[in-house]
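Here is the structure we will look at, set down as structure tokens.
Predicted model only: the values in this text are computed from it and were never measured.
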Amino acid sequence: MKLASISPKKILIVSPAWIGDIVIAQSLLKYIKHRNSETIIDVLAPAWSHELYSVMPEINEILTLPLGHGQFQLKKRWQLGKGLRNKKYHQAIILPNSWKSGIIPFAARIPIRTGWLGEIRFGLLNDWRILNKKIYPMMVQRFLVLGNNKALTNKSLDWQAFQPHLEINLNHATTKLKSLFIIEEKPLLVLCPGAAYGPAKCWPAEYFAEIANYKKSKAWQIVLLGSKSDESMGHTIQKLTKNACINLIGKTSLLEALNVLSFATLVISNDSGLMHLTAALGRPLIALYGSSSPEFTPPLSVKAKIIYLKLSCSPCFERECPLVHFNCLRQLTPQILLSNFVLWINPRQVIQENDFLLTLLIHCIEQPRYSLKLLNVYA
């Protein structure tokens, strides 16, 4: 007697709406595949995010959510859900906490609809979880646990085993980058001065310019990267550096930005989507935090160095500084960053210069106050 084949489980992921959150969500995709490599994972996501999901090998199909961020449009959501009924998903995992994000899986009649209770989503979700922020202080933990059965909601997971990793074809990336700029035979510093969430997350443009001037004097190639909303910061940096940088702000697609970051010797970024992309590419990164918290959404990479003053007024999670002074980032001076540079450049290159430097580097890690002196001699 021939046994009937069992079709693999099909899961629909309802995507977050921010680049950084989408990168973090890849940890959940990895965990699902870890539990059962045969599971089919589709994602419902805004059109602009398709390039990012395209470099996540865990995804089977990317479905377009043709709605803007924050748009409700109940009728359209219901129609979209009805159109998904023939997909016969076994489960939907809804990552946003909003009420409206649960409408499409409900309309699609997906049997198991999993997510945090969020905006009191009884009914829309039938596998809802109540979040304990003390148990799961990090976003990546909150996403990962939704891949477990409800009975295991409070089971701790090793999120480090499922860190995001974006797959970029470097040969293809090199070809694509030729239309933007030529990568020189020198270290490449990428500066990401913007943050879509708001100015409270942005390190001052003049500070980025000071770093650019310093590294330019050390024969580094410097690229500015960001969205169109960051263009004014790019112009300021260029003015203060006498056009020492290659300004790609507002001139790249999401995939092109990934290609640029994949060749970086070092990236300096605010807490932004580009920061999370850099971490997922495994490139050396200095991440600057002010109004947000590295305890909630840190860059998920061992190659990331977080700099955070942790003032009494931060994190406030506001778009604009409620106290107007922006001290959480203004007091984070370029000198503080410079003192960390030597720990984040290519260690092989540094050590090859002088065996004795290895001893100094170890001492620098143990005694951070000596790092600036070390930088001045060897950077």
Side-chain angles (χ1 to χ4, degrees), residues 8-16 18-43 45 49 52-60 62 90-97 112 114-116 127 129 131-169 258 261-262 267 269 271 273-287 289 292-306 308 344 347:
K9 185 176 181 180
K10 290 185 69 177
I11 296 178
L12 177 68
I13 304 292
V14 179
S15 172
W18 297 93
I19 291 176
D21 296 358
I22 290 173
V23 172
I24 293 172
Q26 193 192 16
S27 292
L28 170 62
L29 309 181
K30 288 180 171 292
Y31 181 59
I32 292 171
K33 285 291 192 178
H34 170 76
R35 293 189 67 190
N36 185 348
S37 62
E38 299 299 315
T39 300
I40 296 171
I41 305 174
D42 292 349
V43 63
S49 68
L52 176 51
Y53 278 115
S54 72
V55 292
M56 296 184 184
E58 301 82 10
I59 295 293
N60 171 64
I62 308 168
H90 299 90
Q91 182 183 15
I93 300 178
I94 299 98
L95 295 182
N97 289 325
I112 303 173
T114 304
W116 297 108
D127 179 31
R129 321 285 174 87
L131 176 63
N132 185 327
K133 294 183 179 180
K134 291 184 178 179
I135 296 178
Y136 300 116
M138 299 171 65
M139 179 180 287
V140 64
Q141 295 170 323
R142 298 175 190 183
F143 283 176
L144 274 175
V145 76
L146 293 178
N148 264 340
N149 297 326
K150 190 170 185 177
L152 300 175
T153 296
N154 292 328
K155 178 185 176 182
S156 61
L157 291 170
D158 179 16
W159 62 266
Q160 294 179 330
F162 307 100
Q163 289 184 14
H165 176 70
L166 304 177
E167 295 191 358
I168 299 293
N169 184 317
L258 278 166
L261 292 169
S262 66
V267 177
S269 177
D271 174 18
L274 292 174
M275 177 197 75
H276 289 287
L277 293 177
T278 303
L281 290 168
R283 304 311 301 155
L285 166 69
I286 293 180
Y289 280 79
S292 55
S293 170
E295 295 176 0
F296 179 48
T297 53
L300 303 178
S301 170
V302 295
K303 293 186 178 180
K305 170 71 173 179
I306 294 170
Y308 178 50
W344 251 250

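- Side-chain contact between Ile93 and Phe143 is absent, with no heavy atoms from C-beta onward closer than 4.5 Å.
- For the pair Ser15 and Val43, the tightest heavy-atom approach, listed with the atom from each and the gap, is CB-CG2, 3.9 Å.
- Side-chain contact between Leu52 and Leu166: present, with at least one pair of heavy atoms (C-beta onward) separated by less than 4.5 Å.
- Rounding to the nearest 0.5 Å gives a distance of 12.0 Å between OG1 of Thr39 and CD of Glu58.
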Result block: side-chain N/O donor-acceptor pairs under 3.5 angstrom for residues 293-302, not counting sequence neighbours:
{"residue": "Ser293", "atom": "OG", "partner": "Glu295", "partner atom": "N", "Å": "3.0"}
{"residue": "Glu295", "atom": "OE2", "partner": "Lys310", "partner atom": "NZ", "Å": "3.4"}
{"residue": "Ser301", "atom": "OG", "partner": "Lys303", "partner atom": "N", "Å": "3.0"}

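- Scored by the side chain to side chain donor-acceptor pair (under 3.5 Å) test, Asp21 finds no partners at all (sequence neighbours excluded).
- Summarising the geometry of Lys133 relative to Arg142, their closest heavy-atom pair is CG-NH2, 3.6 Å, with the distance given to 0.1 Å.
- Classification of the His34-Phe162 ring pair by plane angle, with boundaries at 30° and 60°, yields perpendicular.
- Taking CG of Asn60 as the reference point, atom CD1 of Ile13 lies at 12.0 Å (rounded to 0.5 Å).
- Tyr31 meets the side chain to side chain donor-acceptor pair (under 3.5 Å) test with Asn148; sequence neighbours excluded.
- For the side chain to side chain donor-acceptor pair (under 3.5 Å) test with Lys9, the passing option among His90, Glu38, Gln91 is Gln91; the others fail.
- Taking all atoms of both residues into account, the shortest heavy-atom contact from Val145 to Arg129 is O-NH1, 3.4 Å.
- Under the 4.5 Å side-chain criterion, counting only non-hydrogen atoms from C-beta, Gln26 is in contact with Pro57.
- Across all non-hydrogen atoms, the minimal contact from Pro284 to Thr278 is O-CG2, 4.3 Å.
- A side chain to side chain contact (heavy atoms under 4.5 Å, CB included) with His276 holds for exactly one of Ile19, Ile22, Asp271; it is Asp271.
- Shortest non-hydrogen contact noted between Ala280 and Val23 is CB-CG1, 3.7 Å.
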